[in-house]
Amino acid sequence: MKRHHVEILDGKSISRGRPMPSFGIEQAPAMADHRRNGSSQKEFKLRPMKKFDGGRTMRTNDDVHVSVSMCPLFQTIVDTPQVQRLAGLKQLGVSEMVYRNVTHNRLEHSLGVAHLAESMARALQRKQPNLKITGKEIICIKLAGLCHDLGHGPFSHAYEVFRKIVKKRRELEEKCSSAESTLDDGWKHEDASLMMIDALLKHHGMAIDMDHLDEPLKQIGNGIDAKQLFAEYDLPMEELSKPDNVLTSRDWVFIKECVLGAPLPKAGETIKQSTSIEYIGRPHRDQEFLHDIVANRHSGLDVDKIDYFARDERHAFGSAGNIHGLFIEEVFVAWGDCPDPEKCFRCKAHYHEHKGKSTEQRKKIQLDLPNNERQLDLHIRPLMHLMLCYPEKLVTTAMTFFINRFRNHSQLYTHKAAKSAEYLICDILALADPFYRISNVDVDDEDGTEPLFLRISEAMKDPKVFVKLKDSIIDVLELGAAENLVLQKLIKRLRCRDLYKCVVSRSIRPGRGGDVRDSKEPFVHKDDKALWGMEEEQIIEGLVETRGEHQGVVLNQENIIVEMRTIHHGKGDQNPVNFMRFLPKEKLPLLKNDIANLPDAVQVDEESYAAHIPRAFAEYTVRVYCRGSVEEGELLSHVFAQMDNDLKDSPICTEVPYGMEDSKSNAGPVQLSQDSVGDFTPSKQSSSQSSSFSDDFIRSGGPGVTPPRKTGHAKRKLLDDLSPTTGQEEVVLEGPSFIQGEGIRSVLR
């Protein structure tokens, strides 16, 4: 292989023969001195980014997009522990319990989002050169697509549900002394994404410097030379190392803001607490649309959803899963009225002043420009934005896109079996949380950092801990917690797909407005209003109080899970297409105008596509799951029917109670009334075989466990080796914990 002589002096490279230096084991790293603002001198071992011998761009295969291109900068970010961690996170968490083929991971999805983000940005650059989109901005948007999911915990959104469960369980919070201060912080996975971006930069010895935004990243350790973090490589040597081609701190702030689709929170704020009202990375009004490519804050139609809808459908439903290429190729930028000015961080300050004025009136208003605004030859129009818009012919296509979103959430993401498995995993993690610790020790640490050991629920506090938390945590607990029999039984239930049973699925019927929050006519029936107005804990208490015991079968409060499910088309009870802006065919030639004279895209009247609009945009459901035995699930189903009947005068229709599917009558859902509930007789089985969740939870710090059962039989006989017997004494097992220095007390009933 031909070698090219390279000299590296003080972090600068001089190449003879080719623009990019090759880096190999035989090459000595440079010793560079990076000082900023008079800081003390410190030398770091620096290296340039590696180049690909077969060319300047590498490609990887993808089952949705065929292939994804990876330039040296992109590959440098991919080859970090923070990004590679995504390969250990399933995209759909536990949905493989329902659809066995949905085992794709978040790294695949992130590569796909990066590919689509680049494609959309280049389409805009090609069609509207008047937008002046630079190559550096395109690579920044692509990196935002790659990094947008870095903050997800194990089993996707289950980690956030788990943290909420831990917070609610007072017994567990009492054991977790630091839980009160960390679990009630409004944390979202996007907060962790921002943290992990900082961590991957630190992995390469760099950091964002908010005091010097327009300079290269601050060098804080050994790694890649920040001055050689080139955005584009297909350039002559004299242009390659120009400052405009080096990623600066401002560029990385821009990447973070593209991940959020919103301004970066101030120091010490979470995303939920953010008070920021202006972008920092690309602060100018004519660049605002760039932030909507990865996370569209206006309509929700962005490359993130385009990719995961297609990817998830392809794995789950097989024949479906086509990429909506029209949304990539037909996109353009135009002016549009803000879809939600009362909440928009830029519009809410002017909303009450200008809300009654027409678009033409507002176009003539010149607002006072903030200091960071470019003095463009255009009016800064109140309550208007430069937005990603589409031709009017794509209205029905957009409606179909959002209908697919609803279908995916209904049949895939919130399927009752998937949610049941999610609750089971949350119980496993909640049981292990007081005892299991994850260390922040890194083999490459050279700064003498004091070791930190965090609980699973607190892992998001430290990037070195969070990077180790993946779906494999269940395998780790299975191997390391052999002494905790309750935990092992729960894991065995997961392995055997012996999930909690959904015994009730009760639909809530909203009023004519389609929204249960509508103050004028929120509900069709009063019982819907009463039921939906209750908290989950209130429903559980009501179930126990309504009928806590029947012929030896006891309802235990700790065995009941209530889910208040809301699924929608993207914008709650509203039509998501109304949040998009479209242009008629005759106005498309105006897209070549300068930014000040770009056309005004508008909301399309619903009457023009009324046949494609669903009757309702949101669905509300109350689900009840049972952790306990088959008999307790049967009783719980009928008790819910009785409690529901107490809220109204007419009978209701619920799902067939679990355990009655194999009955002689297969006529569908059972109509249950007050009388039918009163006549209910549970299966004849010893009361000692109904599990007591609260006893196990109090004694062992975790949820109760029912023995695994053989499916496919009406009576579902219990395994003899795990079945408790009447009068059996408790066996208390004490032994060393799988975390050194702590003990676990497990009870086998």
### Query
Between Asp528 and Arg506, does at least one N-O distance fall below 4.0 Å, as a salt bridge requires?
yes
### Query
What distance separates Trp532 CH2 from Met564 CE, expressed to the nearest 0.5 Å?
4.5 Å
### Message
Quiz question: by atom type and distance under 3.5 Å, do the side chains of Ser505 and Arg565 form a donor-acceptor pair?
### Response
no
### Query
Does Glu160 pair with Arg163 as a salt bridge, N-O distance under 4.0 Å?
no
### Task
Look at the side chain of Thr414 and the backbone N and O of His409, then say whether any donor-acceptor pair between them is shorter than 3.5 Å.
yes
### Query
Who are the side-chain contact (heavy atoms from CB on, under 4.5 Å) partners of Asp475, not counting sequence neighbours?
Ser472, Glu478, Arg495
### Closest contact, heavy atoms only, Val504 versus Ser637
CG2-CA, 3.9 Å
### Message
How close do Asp149 and Arg106 get, counting heavy atoms only, and between which atoms?
### Response
OD2-NH1, 2.8 Å
### Task
Check step by step if side-chain contact (heavy atoms from CB on, under 4.5 Å) holds for Leu477 and Leu429.
CA-CA 9 Å; Leu477 295 175; Leu429 298 179; 4.3 Å; yes
### Task
Ignoring hydrogens and angles, state whether a donor on the side chain of Thr270 or Asp191 is under 3.5 Å from an acceptor on the partner side chain.
no
### Task
Establish, yes or no, whether a centroid distance under 6.0 Å links the rings of Phe617 and Phe402.
no
#### Entry: Pairwise distance CG(Leu485) to CG(Leu490) - rounded to 0.5 angstrom
11.5 Å
### Query
Counting distance only, does the side-chain N/O of Arg405 pair as donor-acceptor with the main-chain N or O of Thr400 below 3.5 Å?
no
### Worked verdict on His569 versus Val577 for side-chain contact (heavy atoms from CB on, under 4.5 Å)
CA-CA 10 Å; His569 289 71; Val577 177; over 6 Å; no
### Task
For the pair Ile456 and Phe435, evaluate side-chain contact (heavy atoms from CB on, under 4.5 Å) and give the outcome as yes or no after the intermediate values.
CA-CA 9 Å; Ile456 301 172; Phe435 312 109; over 6 Å; no
### Query
What pairs with His104 under side-chain contact (heavy atoms from CB on, under 4.5 Å), at least two apart in sequence or on another chain?
Gln91, Leu92, Val102, Glu108, Arg311, Asp312, His315
### Task
Begin from the C-alpha positions of Lys343 and Phe345 and carry the test side-chain contact (heavy atoms from CB on, under 4.5 Å) through to its verdict.
CA-CA 6 Å; Lys343 296 181 180 179; Phe345 65 89; over 6 Å; no
### Task
Over 60° means perpendicular and under 30° means parallel, so classify the ring planes of Tyr413 and Tyr308, tilted if in between.
perpendicular
### Summary
Rounded to the nearest 0.5 angstrom, the CD1-CD1 distance for Ile474 and Ile491 is 6.0 Å
### Query
In terms of ring plane angle, is the pair Tyr159 and Phe162 parallel, tilted or perpendicular, where the classes change at 30° and 60°?
tilted
### Task
Using only heavy-atom distances, determine whether the side chains of Asn559 and Tyr500 contain a donor-acceptor pair under 3.5 Å.
no
### Query
Under 3.5 Å, is there a donor-acceptor pair linking the side chains of Asn408 and Glu313?
yes
#### Entry: Main-chain N/O of Gly151 paired with Ser193 side-chain donor or acceptor, under 3.5 Å
yes
### Query
Does Glu632 reach the main-chain N or O of Asn556 with its side chain, forming a donor-acceptor pair under 3.5 Å?
yes
### Message
Any carboxylate oxygen within less than 4.0 angstrom of a Lys/Arg side-chain nitrogen, looking at Lys305 and Asp302?
### Response
yes
#### Entry: Between Asp304 and His109: side-chain donor-acceptor atoms closer than 3.5 Å
yes
### Query
Do the side-chain N and O atoms of Glu269 and Thr275 include a donor-acceptor pair separated by under 3.5 angstrom?
yes
### Task
Would you please indicate if the ring centroids of His157 and His152 are separated by under 6.0 Å?
yes
### Message
Using a 3.5 Å distance criterion without hydrogens, assess whether the side chain of Asn101 forms a donor-acceptor pair with backbone atoms of Ala316.
### Response
no
### Message
Assess whether a salt bridge exists between Glu96 and Lys90, defined as any Lys/Arg side-chain N lying under 4.0 Å from an Asp/Glu carboxylate O.
### Response
yes
### Task
Check whether any side-chain N or O of Asp433 sits under 3.5 Å from a backbone N or O of Ser457 as a donor-acceptor pair, and report yes or no.
yes
### Salt bridge present between Asp340 and Arg297 (N-O < 4.0 angstrom)
no
### Query
Would you say Gln538's side chain and Glu535's backbone share a donor-acceptor pair under 3.5 angstrom?
yes
### Query
Does Lys419 make a cation-pi contact with Tyr423 (under 6.0 Å, within 45 degrees of the axis)?
yes
